[in-house]
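Order of listing sets the numbers, starting from 1, for every ligand and every atom in it.
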Amino acid sequence: MSTRLHNLTAATKHRANHVETITPPDLEENFAENTFSIDEMRKRLPKEVFQGMVNCITKGSPIATHHAEIVALTMKEWALERGATHFVHWFQPLTGGTAGKHDSFISPTVVGRAITSLRGKDLIQGEPDASSFPNGGLRATHEARGYTVWDPSSPAFLVENENGSYLAVPTCFVSWTGEALDHKTPLLRSIDALDRQARRVLRMLGKDTERVQTTVGAEQEYFLIDEEYFYRRPDLVNTGRTLLGANPPKGQQLDDHYFGEIPGRQLSCMLDAEKELYRLGIPVKTRHNEVAPSQYELAPVFETSGIASDHQHLIMITLKRIARKHGLVALLHEKPFADLNGSGKHINWSISTDDGENLLEPGHAPHENLTFLIFCTAVIRAVYKHQDLLRLSVTSAGNDHRLGANEAPPAILSVFLGSQLYDLYQKLINGDELTSAKDTDLFLGVSMLPLVPKHAGDRNRTSPFAFTGNKFEFRAVGSSQGLAFPNVVLNATVAESLRDFANSLRDALRGKDKNDPEVFKKTVLDLLSKIAMESQSILFEGDNYAETWHEEAEERGLLNLRTSVDALQHFDSEKNVALFSSFGILSAAELEARKEVAFEQYEMAIDIEGRTLENLVRTQIIPAGFEYLNELLQISLHSSKAGLKSKAVSPAAHTAESVNRHLSELVSAVDELTEQLNVHVDDLHENARHKKDNVIPAMLKVRQAADALEGLTPHDKWPLPNYSEILFLH
Ligand code: ADP
Ligand code: MG
């Protein structure tokens, strides 16, 4: 049977798998059952140790070593009771994914028996080889020692499989010399930095709080496609995206997919994944169809940023794993299909105290809410001052296809406030009397329908960084990315703004009666006015997709770092080294290492794409083209023998000519690609630039010729599932 017919037959057999759903009453009971949760700890730990853990999780207090050992042993008992055979120190190396080595709970004894012995300290500290993970030169191959160290603030969890389960312990990964080799360590450091500066500001406002946390809820976009198609496409298997594929007649023009009915098998897969996520204590809440066909979104309720970051990785891992159980593959790449919307991840981010006060909640009268104005201004200034960092925190070869492609925010950073706040900031900047527009109700024109409260500002989905009521939404993040680094940047840059504000306020109040509320308020507002004025060019309420914005942004002097290569250069600039090292989040050496790793990852991603395309075209596409050309030439030959040839060229010869033309374009394009791939560039940064400037354009040329050929080649001769099949035959 031809590939094509096989695909079509397979598609008719797609059915939803049965899934035991957990309904709300059980959900409360099953929620987090696969984690060593607070409840589990309360049941099992001595009171004093339990309190130590609670303080550690909620206040960031250190945990005593002898307590940590008790927790570790109790955790082991819990895992053994639940049938786990191994434990894993789970960490987030600079590959961008997660990693861990499985160690058995069972140890052999000298007399040839095996016992389940494990010391508490083995759960607290591990020692993986640190030289085999990307480290940007921090560790040479012969300097291999590295440690994984338990992060008690994030719950350990069980990973289940049909044939057993293991305990995963979230850890930080550092070198023997103490340098961070992962994304978690700087994230935890940045959380502490922000906590210190935020509490300092709050103290000046007369508010005492024990811990300030950043909160994060990330919306995850992804595609679900049939695994049959996935495995027939080496480009999807190797690179996560289609490197060729002609435009289908129907794409997303009709806007009929967004928020539409979720197909049965896909919904079944989502229910299954959500069930697993609940059991891991991950509060997934919403799901819907996204804009492109076969594209979906899932979002959990926000959590503190360290946990949200771990959970986001678990969401990605779980989606991929569960999809396979349903004969589907979850694509998390930023741009799996050309000319269709790609996938992003929106990081909703806010700052909150341990008693639950959201410091970015404007309330009904934001103009009177000094706390809100200070924290909001701190964020605006952070984005203005560190556009480069925010931009480079979302770089990847994949995300370069999305940013600025009229579906996602451009590579230019700006802040959208919404009309109410925007007006308020204009007044603040101009030194006018502050007022804020009142909330109003919306009347729908039918008296029976309830009046609904209207938000103080509209939405702007073109903005890369938008205020959405009581949080900011960073919308430029890539779908396959972890949350940690963008979060580190947000935490660090806002911590810096808060620190500078606290210093300025302290100086400005010198010699004034700071106990007089009016004096205090005026001093604060004067300072905020100055900061807002200095940062105002980052505020933009218009259409970020418009060409005119790009021109205006340039006039305003905003950065436009179009590609990863442009953005990554800024990683270890003097400004950025000063920022990160002043808070002890990343040293100059750690920053430089991250820059090197990011360049390496970018360069390698494109190299793999280029070689995959080269191979695919040479071994599948060109042979298919020749086969068809041969057939056409035969027909043409026979038809002239049979005297069918009219005065002009025969239709077969005519078609053969077009096929031949596209084929020769394809052959020369792929030769050019091979040549570019084989250019040897020693310097890593130059090599990345070579990939961007020469390999990517060569790949595009190959794609154009191949896609044109696809449009001519008989359906059953084309070796790959096409876009229509992949996207619509679910
Ligand atoms: P929308 O984007 O439509 O406004 P939601 O209000 O449902 O959607 O929020 C989207 C995400 O933002 C969810 O993950 C939600 O939990 C998260 N979120 C809501 N409030 C906060 C907050 N204070 N801090 C961080 N994330 C938040
Ligand atoms: Mg949103």
Val216, any N or O under 3.5 Å of ligand 1 N or O: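 Not met; the criterion fails.
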
Euclidean distance, Arg475 CZ relative to Lys345 NZ, rounded to 0.5 Å: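 Between Lys345 NZ and Arg475 CZ, I get 15.0 Å after rounding to 0.5 Å.
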
Closest to atom 19 (C) of ligand 1 (judged by heavy-atom distance), picking from Trp349, Phe472, Phe302: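 Nearest heavy atom to atom 19 (C) of ligand 1 lies in Phe302.
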
Considering the heavy atoms of [X], write down every atom of ligand 1 situated less than 4.0 Å from one of them.
X      : result
Thr215 : 22 (C), 23 (N), 24 (N), 25 (C)
Glu219 : 2 (O), 10 (C)
Pro300 : 13 (C), 14 (O), 16 (O)
Asn358 : 23 (N)
Val301 : 16 (O)

Partners passing side chain to side chain contact (heavy atoms under 4.5 Å, CB included) against Ala292 (at least two apart in sequence or in another chain): Phe223, Gln252, Gln295, Leu340, Asn341

Polar side chain donor-acceptor pair, Trp349 to Asn491, under 3.5 angstrom: yes

Per-residue contact class, Asn348 against ligand 1 - non-hydrogen pairs under 4.0 Å: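 Near ligand 1, Asn348 shows its backbone as well as its side chain.
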
Among Phe416, Trp549, Tyr384, Tyr422, the one residue meeting ring-ring contact (aromatic ring centres under 6.0 Å, His included) with Phe540: Trp549

Parallel, tilted or perpendicular, as decided by the 30° and 60° cut-offs, for the rings of Phe485 and His183: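 His183 and Phe485: tilted rings.
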
Sequence-distant partners of Gln387, side-chain hydrogen bond (donor to acceptor under 3.5 Å, both in side chains), two or more places apart: none

